[in-house]
2 protein chains.
Amino acid sequence: MPINKKINRLLQYRSVLLRLQDLGFGTVFSYTLGKEVGVTAEQVRKDFSKFGIKGNKKGGYNINELIHTLGDIFHKDHLHKVILIGIGNIGTAILNYKGFRENMIEIVAGFDIDPVKYKKKYTVPVYPMEKIDEVINEYGVKTAIIAVPGIAAQEVCNRLTNAGINSILNISPAVLKVPPGVIIQNIQIGNALESLIYQTINLDE
Amino acid sequence: MPINKKINRLLQYRSVLLRLQDLGFGTVFSYTLGKEVGVTAEQVRKDFSKFGIKGNKKGGYNINELIHTLGDIFHKDHLHKVILIGIGNIGTAILNYKGFRENMIEIVAGFDIDPVKYKKKYTVPVYPMEKIDEVINEYGVKTAIIAVPGIAAQEVCNRLTNAGINSILNISPAVLKVPPGVIIQNIQIGNALESLIYQTINLDE
DNA sequence: TAGATTGTTAATCGATTAACAATC
DNA sequence: TAGATTGTTAATCGATTAACAATC
């Protein structure tokens, strides 16, 4: 149930490594990698150790190998198909985000209740809600992003889980109830901002 | 450095309590509140205990009192002023989000490099980047939201910290470096989605 | 009263950090 | 070689869970 911090760190290592690779570096030390991500070198080595990732004593880690191994762990050998419900401002931002494809994630379709959206030109087709089941079956989609207003989120969520979706990224402010077995991850900007403001006020802690 | 889970839970309790209050409930048990938020009753009581919040043996917690106490903890007696940099799709979604005002957060101004945005009618004025320092000083703003593309985020971040901002909500995909003392909270949708997909693939764990 | 619920102390669990041997 | 870095084991820390007395 607790969102796996280790997984998040590994993903961050990977994204830093891709940047370092781009810059032409061949190897990296745990210390450097940790500094980039904001964790200690021990943390980096420990994380790698858990996944059987080996470096070279004194020589650090080979960046190409490391990216390859992390790619295996995250199954970056094929595209992961995702659907997006709600093509409002946030939904559109997500549709336009280039970073997904680079990381082997593909949004295969968008859905919205507003017919205007079906005609507009997006990078992927946008359909009415009624077509959700069809698309899920056709593409074998397992993961969905909910970007509708809070008030509509639970209904959309039910529809998705009924259609066989087993993991949901919820970007609406609603707290969603899902059947057992369905994984849900919430991104609540309002909550994050309130938490940040609290920390700002109580800087001493 | 680790984002305070306890604070996040307290904020979630508060939001559930506001809903329950709206529905006309007068009291709530730790068990009920926990269920709504997805934690155990013990967790709820422990969290409350840490902040000196008292309930009634057998009678549960008085919702009005609880909301009031949580309001004190989070300083909900006055508006918290925030600025928003980047009025693209995500930025516009944030500008339009009604939930901030309800929770005593006010976005006092937006900023963008695109002059078209200055003329458009938003709920708050949108200015060129050059006006950031002026607005920060005028309103005494301490917290900023960065919603610009990843490539521009670090530069914006530097500008903000130089201008005296001490906490940043970063919604860009960039990993930002900030001077010591500045609190940064990242919301990375791409990362969250990758993490979710990993969990979906490895459902056994 | 009996049963239900709170509030707190103790036990457990997991994650992070420290220490250090291995070795390139 | 000496110094630097990895990889792992042990120690610490903090958060969660369990247990249970208090009591309404």
Side-chain angles (χ1 to χ4, degrees), chain A residues 1-14 16-17 20 25-70 73 195 198-199 202 204-205, chain B residues 1-14 16-17 20 25-70 73 195 198-199 202 204-205:
Chain A
M1 198 64 43
I3 304 136
N4 207 328
K5 284 185 163 188
K6 213 180 306 163
I7 296 305
N8 266 298
R9 283 198 303 268
L10 285 176
L11 286 165
Q12 289 190 272
Y13 299 150
R14 184 168 176 277
V16 168
L17 288 165
L20 293 177
F25 289 96
T27 60
V28 67
F29 298 130
S30 57
Y31 173 81
T32 316
L33 195 49
K35 195 163 188 189
E36 284 301 305
V37 170
V39 300
T40 64
E42 292 77 16
Q43 182 75 272
V44 173
R45 297 203 298 273
K46 191 90 188 205
D47 288 338
F48 285 175
S49 171
K50 277 277 170 62
F51 284 87
I53 294 170
K54 300 279 176 185
N56 308 299
K57 298 269 162 70
K58 178 138 191 218
Y61 298 84
N62 180 297
I63 292 179
N64 288 340
E65 275 178 29
L66 205 39
I67 288 172
H68 189 267
T69 308
L70 289 168
I73 291 169
S195 169
Y198 175 84
Q199 291 174 67
N202 304 63
D204 38 308
E205 286 169 38
Chain B
M1 199 63 44
I3 305 134
N4 209 331
K5 285 185 162 188
K6 212 179 306 162
I7 295 306
N8 266 296
R9 283 199 303 269
L10 286 175
L11 287 165
Q12 289 190 270
Y13 300 149
R14 184 168 175 277
V16 168
L17 288 164
L20 293 176
F25 290 96
T27 60
V28 67
F29 298 130
S30 57
Y31 174 80
T32 317
L33 194 49
K35 194 162 190 190
E36 284 301 306
V37 171
V39 301
T40 64
E42 291 79 14
Q43 182 74 273
V44 173
R45 297 203 298 275
K46 192 90 190 210
D47 287 338
F48 285 175
S49 172
K50 278 278 171 64
F51 285 86
I53 294 171
K54 298 280 176 186
N56 308 301
K57 296 268 160 71
K58 180 136 189 223
Y61 299 83
N62 180 297
I63 292 179
N64 288 340
E65 275 178 28
L66 205 39
I67 289 172
H68 190 267
T69 308
L70 289 169
I73 292 170
S195 169
Y198 176 84
Q199 291 174 68
N202 304 64
D204 40 305
E205 287 167 37

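Please read all numbers here as calculations on a predicted model, not as lab measurements. Below, chain A is the first sequence line, B the second, and so on; all start at residue 1. Any value given below was found using the heavy atoms of this structure, including those in side chains, with hydrogens, waters and symmetry copies removed.
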- Message: At less than 3.5 Å, do the side-chain atoms of A:Lys46 and the base atoms of D:dT9 form a donor-acceptor pair?
- Response: yes
- Could you please name the option among D:dG7, D:dA19, D:dT23 that lies closest to any side-chain atom of B:Lys57? D:dT23
- Query: Taking CG from B:Asn62 and P from C:dT5, how many angstroms apart are they, rounded to a whole number?
  - Reply: 17 Å
- Touch check for B:Tyr61, heavy atoms < 4.0 angstrom, all strands: base, sugar-phosphate only, or nothing? sugar-phosphate
- Message: Under 4.0 Å, heavy atoms only, any strand: does B:Gly55 hit a base, just the sugar-phosphate, or nothing?
- Response: sugar-phosphate
- Query: In Å, rounded to the nearest 0.5 Å, how long is the span from CD of B:Glu65 to CG of B:Asn56?
  - Reply: 7.0 Å
- Message: I need the CG-C1' distance between A:Leu33 and D:dT5, as an integer number of Å.
- Response: 14 Å
- Could you check how far NZ of B:Lys6 sits from C1' of D:dA15, rounded to whole Å? 8 Å
- Does a sphere of radius 6.0 Å around CZ in A:Phe25 hold more than 12 heavy atoms from other residues, nucleotides or ligands, not counting ones at 6.0 Å or beyond? no
- Task: Please test A:Tyr13 against A:Val39 for side-chain contact (heavy atoms from CB on, under 4.5 Å), starting from the C-alpha separation and ending with a verdict.
- Result: CA-CA 10 Å; A:Tyr13 299 150; A:Val39 300; 3.7 Å; yes
- Is A:Lys35 close to A:Phe29 at the side-chain level, that is, under 4.5 Å between some pair of heavy atoms? no
- Query: Rounded to the Å, how far apart are B:Phe51 CZ and C:dT6 C1'?
  - Reply: 19 Å
- Message: What is the distance, to the nearest angstrom, from the CD atom on B:Gln43 to the P atom on C:dT6?
- Response: 15 Å
- How long is the line joining CD of A:Glu42 and P of C:dT16, in whole Å? 13 Å
- Query: Is there side-chain contact between A:Phe48 and A:Leu66, with heavy atoms separated by less than 4.5 Å?
  - Reply: yes
- Message: Both A:Lys50 and A:Asn56 contact DNA chain C. Which one's nearest nucleotide lies toward the 5' end?
- Response: A:Lys50
- What is the distance from NZ of A:Lys54 to P of C:dC24, rounded to the nearest Å? 12 Å
- Note on the structure: Its dot-bracket string being built from Watson-Crick and G-U pairs below 3.5 Å, with | for another strand and [ ] for crossing, DNA chain D has the pattern ..||||||||||||||||||||||
- Should B:Arg45 be listed as having a side-chain N or O under 4.0 Å from OP1 or OP2 of C:dT9? no
- DNA chain D: A:Phe48 or B:Arg9, which has the more 5' nearest nucleotide? A:Phe48
- Query: Phosphate oxygens OP1/OP2 of C:dT8: is one of them under 4.0 Å from a side-chain N or O of B:Ser49?
  - Reply: yes
- Message: Do B:Val16 and B:Thr32 make a side-chain contact, defined as non-hydrogen atoms from C-beta onward lying under 4.5 Å apart?
- Response: no
- Message: Would you say that A:Ile73 contacts A:Ile53 through its side chain, given a criterion of any heavy-atom pair below 4.5 Å between the two side chains?
- Response: yes
- Rounded to whole angstrom units, what separation is found between the CG atom of A:Asp47 and the P atom of D:dT8? 14 Å
